[in-house]
Structures are given as structure tokens and as C-alpha cells.
2 protein chains.
Amino acid sequence: MIKIDMLRCFSTVAQFGSLMEASTRLGRTPSALSMSLKQLEGHLGARLFETERKNKLTPLGQEVFRIAQSQLRQFDDTVTSIENAANAPQGLIKIASIPSATGLALPQAISTMMEQHPHLKVELRDMDSAMVAEAILHGEADIGIASGSQSLNGVDCVTLFEDAFGLLCGAEHPLAKVTSPPTLDDIFSYAFMSNNLCSQLDLDAVRSASEGAHIVVHNTHSLIAMTRTNNWVTILPKSVARALPDELVFRPIDGITQRRTVSLLLSQRARFPNLLETFSNLLVQADWT
Amino acid sequence: MIKIDMLRCFSTVAQFGSLMEASTRLGRTPSALSMSLKQLEGHLGARLFETERKNKLTPLGQEVFRIAQSQLRQFDDTVTSIENAANAPQGLIKIASIPSATGLALPQAISTMMEQHPHLKVELRDMDSAMVAEAILHGEADIGIASGSQSLNGVDCVTLFEDAFGLLCGAEHPLAKVTSPPTLDDIFSYAFMSNNLCSQLDLDAVRSASEGAHIVVHNTHSLIAMTRTNNWVTILPKSVARALPDELVFRPIDGITQRRTVSLLLSQRARFPNLLETFSNLLVQADWT
DNA sequence: GATCATACTTCAATTTTTCTGTAATTTGAT
DNA sequence: ATCAAATTACAGAAAAATTGAAGTATGATC
């Protein structure tokens, strides 16, 4: 029978490439770990490590390592969630939000909320819009912030704010120096990085440029690092491009009127409906610009 | 320390509302379960059941039940995946696919593949397009079928087929009886059901009708059941509407030229690249219409 | 509201599993 | 080839889970 502890043991040993290192990390003796590993390999009927020194994984070992890592993260999350739920008899709000909103009015709203309700516990998770919707449907979150306006069963949806798309480029990039706002054609004549957010723009020109892009960057920090080199440019919603370092410039784009709407999703089956209502009012009234 | 077994115990007892029933189901004695529950409640510092008879959960209990259920499903999945990986030293292909492709050439291709490679193991999962992409990126799948053409790091993408959108309605519905193909306006003058797939149509008219729709149906079987009443109609890609019962009709829509492209996604870091290539050739050459 | 059958809890003994510490063996690097 | 470090084996110890029997609460029925 495979147990969480076996996976944790394997995972740690795989990570450090040594029983000893892993054993101090886990607070067990090397022999205990060795036996756990032996048991796991026995159960699977295959080796997980190439050599007896545990510093090289077999292909199967790599596969199991990947699976185990993700299971462990997930399990630890579960435990935290359960413990949060238990330690919050006075109120708990589970928030799921897209990363860009986490950088806006959300922290202020949470802080105000916690002042007013000293016993309130808050659980906050970043994810993309589709996962926010899923999380609320599955009861993993009570309230969510996502882009687009979704109509889901048992979920209320209000628009929070709208967001214009624009160009992100380095301050030394040619597009930063043109006086009038650049057009899409101007932009696509330079090396263009695609990202998850610009695919929300329903324009064929953007879609084909995204597909033709040689680089797709999935996370904002990388995007900023890449842009800083002045070699690439990208298109983003404005709220994502806040608090930029000096070497970066965000500019409107000539001919783009489409905006991204960001909405508040409210579960109708939350455990603390009153708190949720207070909180949602705070969010709706907050300054999101 | 919370363990999987504790969650399984709690979950089963919560499900059956009785220690005895759960105990036979799990093959343990009632007292063992009782002690496990006591330990869990002790760890959380709160009650999970309203009374000592285990047939009523506290609000916290309900929350923990939901979390535990999903964790258990996830954990069992993990175990299966690991065991699959270990039991397939000769070859394993992990497929992630949108449900509509599962009903098309995929079964045939898998069957051909397994004839040619008697030791081959296959893992097949249904999910929506976004999750297919995620699964491949995370190494949970080697090959995927998804709508749209995504460009992802370390993933090859080829178009498999294209799919026209059309109207799905009951055979007795007025729209089934008009001679010429109905327009969008015709359709939206009747009660319209929204679904996840029609949101892939980039048309404002469809978007606003979806948002205004009083019903959103997330799964094809329900969609068919609803349509059969002749009270509602919906818009779908053609391949989803195959093998319809007689009482249903699928019709082209006047003025809709946009098609849904369905693509094959291939991980470049699969464990058995040769098998994957053979399989992907099969899929590309298959008859998808 | 008293009674009864059923279901849950507790307790101590037992079994199973897991962990430790030392000694012996293996391994990879020099 | 040799050595130092790391891993395994083994047996005893500790911890945890399980059991069965006895006690106690519950709610259904009259």
C-alpha cells in the first residue's frame, strides 16, 4: 500500500540525492528512509534509482518524482485548508484571484476587513481566470476575482473594473520613443513575446502574432525581465503593468478599444454569507484604477 | 498529524452516516474508526458530527468532507498513475483529450496502436481544452487533443481537423422545421441554453446571448436531455453533436463561417518518444469527420 | 416519559508496523 | 587499488493501530 509518507520520503531523497541529507531534513534515520524506499520499489516492482547511491533517478523514478511532488504539494494544501477551516469557527473567507488583482485593491480590502472582524481568517490563492471559476464551483473558494464575466450556476457575478490593453516595452526600445501611440502593425514589426493575457484580446492580428511568436512567457516577472533587455515587447492589460521599474514603459495602442473586464464572483453557498457580503461590498466600492 | 487514512475513515463514515456501515465497507472494526475520528476531531479541536450518532455533520464537518473527498479522489488517482508508470516498462502513453474527440477517431487509433504494440499501456483522461494544455505542460499527459491552436513551451501542435458550429434543437422545435438555415437572430428569439463550447465562438451576438441565457449546461448528456424537450436550443460544434438520437436535429447556421479548430498537442519530453510519434501519426492520418 | 434495541465509546491487551543504532557491506572517487 | 563515505541488514525498541468485551448514550416505540 502506497502511503503519503513513502512518497514524501522518496521525494526528499530524490531531491537531495542522498539518504543522509534527506534523513536530517525529515528527522528520521537513514536506515528508516532506506527501508521506506525499498518498500516502495518492492511494491512497484521496479527500481527508482539508477545506482545504489541515490543521486540518479531512473526514467520511472523521474516520472514518480514528478507525480509525488505534485501530490505532496496538494496534500499539504489540503491539510492546511482543513486546519484553516477548523481554526476559524468565527469566520473564514476563501479568496481565489487572478494575480493582477492581488496587486490592486485586494490587500487593502482584506486588511480593512480584518480590522473590522478581528477573528476573521482569510485564505488567498492566485490562479488564472478559468481556475478561479472552477474553485468557486467546487467550493474551494467563496469569492473570486477573474477576468471576463462568467455566468455560473450558484455564483453571482458583478463587474469590478475594466482594463485597457497596451504595449509593454523597454524605455530604450524604438517603440518607446515614437511620439504618437504605436499601431498593432508597428508593434508586430518588432520581436513580439506572447503571453496568456494577450490572448484575451479578440483580434485576429493579435492571435496570429501570438501563434507566430517565438517566445511565450507565462509569468509576469519573466515578462518584465525579458522586456527590460529592449529585445522584445508584449501586450498586456494595464492593471497587470502597474508599478513598473523605470526602464519599462507602458503605452496605449492605436486602434485598440477592446478592454478586459474584471469581475467579482460570489458563491451562493459560502459558509459565512454575512462576512462574504460585507467583504464583497468593500471590494465593489474599492478603487481599482 | 493528519493522514490519508484518517480522511478516508472520516469520509466513509460521513458518507454512510454510520460507523457500522463504514466499518464493514473499510474492513475495520467500528472501534478503530471511532478512535480515528476522535483523533481527527482532537487534532482539529472541533467536532465534525452534530450528535454521537454519525448521521449529521456539523458545518465544519461538511467543509472537511468536501475537502477530504476531493483529496481522496486525487490521491487514488496519483497511486494509479504511479502504478501505471511502474507496470508499463515496455511503453505507456498518457492521453488527455476533450470529450468530443474521445467519441471520434481516438478509440480506433488507440485500438490499432495496442494491436501493434501488445505491451503498450494507455492512460486516457477527459478534460476541457485549457486543462489539456496544463496537463501536457505539467507532464501529466504526453499527448493531448484540444480545441484552438495553442503555442506552448516544449509542446508541438498540429491541427487535426476543423469543425463547424451549428444549431442543436429538438425535431419538433420550430427551428427544425424552417426550410432555410436559421440565422442567429432566429435562434436567439427562442429560449437559448448556453454551454461551454459555444463560448468559443468569437461573436458578440453569441457572447451576449450566452450571458443572457437563463440556463448554462456544462455537460453534453444534460444538453441532449434538455434539447429533447423542444423547449430549449443551443449552439455546438458539429463533432460534439454526432450520433444524435432521432428526436434531435443539428443544423448549420446562416452567417456563421467561423470554425473550431481541434489540434493535437505533443509533449517533447515524453517518456517513450518513439511510441508517441507512431501514435501521433495514426491520429493525424485518422478520419476525423 | 419509560423502555428497549441499537449504535457508539472506552479500555487494556495484542498485534502490526515503523523506527533506531550498530555493524557489515557496497560504492565511487582518487 | 585503496579509502572514505554512504547504504543496507539485522535485531531490538518504540509507536501506532486493531481487537473484543464491557459500558454508555441515543432515539424509536409504546
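Within every chain, numbering begins at 1; the chains are lettered A, B, ... in the order of the sequence lines, protein sequences first and strands thereafter.
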>> Taking CZ in A:Arg25 as the centre, count heavy atoms belonging to other residues, nucleotides or ligands within less than 6.0 Å. Is the count above 12?
In response: no

> At under 4.0 Å between heavy atoms, what does B:Ser18 touch on the DNA or RNA strands: base, sugar-phosphate, or nothing?
Replying inline: sugar-phosphate

>> Using whole Å, what does the distance between atom P of nucleotide D:dA17 and atom CE of B:Met1 come to?
In response: 12 Å

> Of the nucleotides C:dT20, C:dC11, D:dA17, which has the atom closest to the B:Met35 side chain?
Replying inline: C:dC11

> So does A:Arg66 pair up with A:Glu63, basic N to acidic O under 4.0 Å?
Replying inline: yes

> How long is the line joining CD of A:Glu50 and C1' of C:dT27, in whole Å?
Replying inline: 15 Å

>> Distance check needed: C:dA7 P versus B:Phe16 CZ, whole Å only.
In response: 15 Å

> Do B:Thr51 and D:dG27 share a donor-acceptor pair, side chain to base, under 3.5 Å?
Replying inline: no

> B:Lys3 side chain N/O closer than 4.0 Å to the phosphate oxygens (OP1, OP2) of D:dA17?
Replying inline: yes

>> Among D:dT8, D:dT18, D:dA6, which nucleotide has an atom closest to any side-chain atom of B:Thr29?
In response: D:dT18

>> Tell me whether the side-chain N/O atoms of A:Ser34 come closer than 4.0 Å to OP1 or OP2 in D:dT8.
In response: yes

>> Expressed as a whole number of angstroms, how long is the span from B:Leu19:CG to D:dT26:P?
In response: 14 Å

>> Just the rounded figure in Å: distance from C1' of C:dA7 to CG of B:Leu37.
In response: 14 Å

> Below 4.0 angstrom from OP1 or OP2 of C:dC8, is there any side-chain N or O of B:Lys38?
Replying inline: no

> Roughly, in whole Å, what's the span from CE in B:Met20 to P in C:dC8?
Replying inline: 8 Å

>> Taking only side-chain N and O atoms of B:Lys56, does any of them lie within less than 4.0 angstrom of OP1 or OP2 on D:dG27?
In response: no

> Among the nucleotides D:dT18, C:dA7, D:dT7, which one has an atom lying closest to any side-chain atom of B:Arg28?
Replying inline: D:dT18

> Nearest-Å distance, CG (A:Leu33) to C1' (C:dG21)?
Replying inline: 14 Å

> Okay, side chain of B:Thr80, backbone of B:Asp76: is any donor-acceptor separation there less than 3.5 Å?
Replying inline: yes

>> Whether A:Glu123 and A:Lys121 form a salt bridge (side-chain N of Lys/Arg under 4.0 Å from carboxylate O of Asp/Glu) is what I want to check.
In response: no

> Once you round it to whole Å, what is the distance between C1' of C:dC8 and CD of B:Glu21?
Replying inline: 15 Å

> Under 4.0 Å: is that the gap between some side-chain N or O of A:Ser31 and OP1 or OP2 of D:dT8?
Replying inline: no

> For the side chain of B:Gln39, counting heavy atoms from C-beta on, which of C:dT18, C:dC19, D:dA17 is nearest?
Replying inline: D:dA17

> Counting heavy atoms not belonging to A:Glu277, are there more than 12 under 6.0 Å from its CD?
Replying inline: no

